[in-house]
There are 2 protein chains.
Amino acid sequence: MPNALSPLAHKLSNFAILSETEMGVLDDMHRRRRNFAVGHDLVLQGQTRQAAFILAKGWVCSYKLLRDGSRQIVDIQIPGDFLGLRSVLFRTADHNIEPITEIEASEVLGKDLLGAFSKHPRLASAVLWAASCDEAMVVEHLVGLGRRNARERMAHFLLELSTRLMLVGLGTPAGFACPLTQYHLADALGLSAVHVNRVLRELREDGLVTFQYGQVTIHNLDVLTDLAEFDRSYLDQEGPLLR
Amino acid sequence: MPNALSPLAHKLSNFAILSETEMGVLDDMHRRRRNFAVGHDLVLQGQTRQAAFILAKGWVCSYKLLRDGSRQIVDIQIPGDFLGLRSVLFRTADHNIEPITEIEASEVLGKDLLGAFSKHPRLASAVLWAASCDEAMVVEHLVGLGRRNARERMAHFLLELSTRLMLVGLGTPAGFACPLTQYHLADALGLSAVHVNRVLRELREDGLVTFQYGQVTIHNLDVLTDLAEFDRSYLDQEGPLLR
DNA sequence: TTGTCGCATTGACGCAGGTTAATCCGCTTG
DNA sequence: CAAGCGGATTAACCTGCGTCAATGCGACAA
């Protein structure tokens, strides 16, 4: 891989072969580098004039709050992911984005992004295309929430995370470092924290996965994959379609 | 509205001001008009070389099948919606699309779509942009499945349908014609058909909505909206952003 | 040192919603 | 006409998961 190719540029090159100019525009988007601490949300539900972000380091989650105080995590994002795109497209954010760890991200102002999209439609396509592929992940979550039980959901979630992290070099087939709490898992999987704990114990006792001390260790990938009915193909790309 | 403006063109004009040429390309996509009967899926999970479709008439649903035979409906589509976009972008479909009624749809071959996208990137942006807004709907479903109970889910689902149908002139605030069976509702809401029936009875007895004889009648919009915590803003557009 | 705060863990108990199965109705088909 | 089928409806029963509550433990601050 050429030097100085950002994770995002790398990702987008799966969708379109970008010109020097377009790559330059992409680089420009990395000028406003910012850090965020845990507890300081990047994007807030209902706020307008939001910026988008390109995540360079750390983990975040996007979630929606309900009136009764419960929340549903829609998506966990890891380095290389684009954040808050919809909040720019819609002008007003429909979800919150919270750092799970300290993070480093490049802020892209709404008007800059829209400007770049207008001038470089091919770049726009690549970005929106990538976003539309992220949707496949959301759909998988939806299926899990609707039709899988707690064990299966958990297994699927951990396998998906593992696969995504491996794609950006942050994990091995044996496991990965994971900053999520059991409360995060509960909010992502539509469960209670208590039940998350029960399920994790079962999976551990059955010798399938261990989720402990900030580390996920996969003991039996095959059985886990089968349990979760996990098919990684929705996470893979197969080369650029837009030439 | 100018004559001969297709529902899709109308929808896309919310996202980008399209040129005559681009409108022409869009029109060309409507050449291969096809009809499908109930029971003949348009797109099949796992198949490659899929076409996309623009729905002109009737309802369809996209769903995923699980090993145990259960299924989860991800989305219901109504006239004006674009179908199977992801199955073209990914080259192989990750979901099925089934007609709920007899439908009329324009088939757009994968290579034609990709060709048009390459030559008219602005058009591509508009289409992908619209798709990314459809994602907001999927996210709402996800939140419902994760954090709402059966009553709330049902109320939310019916209100969303009502709003979408009104936007294309197929419903009024008082109700709409609805070809869905209670099995469809069950598969969409992650419930059993039996429980769907229970919930519908309750809502009817409480004087909120009636779902009967292919007709949804909304008796008390305010209470229903409050029960569902329904906020229609995610379905609205506010004028084109891409000029 | 002591208090507190976030997170993990476990037990007891209850309920929303699943499962099974029976019945009914209207439509189609032979 | 009977038979079959898709869909709606209801009752009886059961279970996966939520809720509540208590405990432990490490990190950090006063």
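Here is how names work: the chains are called A, B, and so on, in the same order as the sequence lines, proteins then strands, and each is numbered from 1.
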> Checking all strands, does A:Gly214 fall into the base, sugar-phosphate, or nothing category for heavy-atom contacts under 4.0 angstrom?
Replying inline: nothing
> If you check every side-chain atom of B:Arg204, which of D:dT9, C:dC7, D:dA8 has the closest atom?
Replying inline: D:dT9
>> Strictly below 4.0 Å: does B:Arg201 bring a side-chain N or O up to OP1 or OP2 of D:dT10?
In response: yes
>> Which nucleotide wins on minimum distance to the side chain of B:His195, given the candidates D:dC20, C:dG17, C:dT9?
In response: C:dG17
> Considering only C:dC7, C:dT20, C:dT10, which nucleotide approaches the side chain of B:Val194 most closely?
Replying inline: C:dT20
> Measuring from A:Leu224:CG to A:Asp222:CG, what's the distance to the nearest 0.5 Å?
Replying inline: 9.5 Å
> Would you say a side-chain N or O of A:Gln212 is under 4.0 Å from OP1 or OP2 of C:dA8?
Replying inline: no
> Nearest to the side chain of A:Leu191, which nucleotide is it out of D:dA8, C:dG18, D:dC17?
Replying inline: D:dC17
>> As a test of understanding, state which of A:Asp41, A:Ile76, A:Ile97 forms a side-chain contact (heavy atoms from CB on, under 4.5 Å) with A:Val60.
In response: A:Ile97
>> Can you list, in residue-number order, the parts of residues 141-153 of chain B that come under 4.0 Å of DNA chain C, counting heavy atoms only?
In response: B:Asn149, B:Ala150
>> Can you tell me which nucleotide in D:dA8, C:dG18, D:dC17 comes closest to the side chain of A:Arg198?
In response: D:dC17
> Looking only at side chains, do B:Glu160 and B:Tyr234 share a donor and an acceptor under 3.5 Å apart?
Replying inline: yes
> Between B:Asn197 and D:dA8, does any side-chain N or O lie under 4.0 Å from OP1 or OP2?
Replying inline: no
> B:Arg204 and B:Thr210: side-chain donor and acceptor closer than 3.5 Å?
Replying inline: no
> Of the nucleotides D:dA8, C:dC7, C:dT19, which has the atom closest to the B:Gln182 side chain?
Replying inline: D:dA8
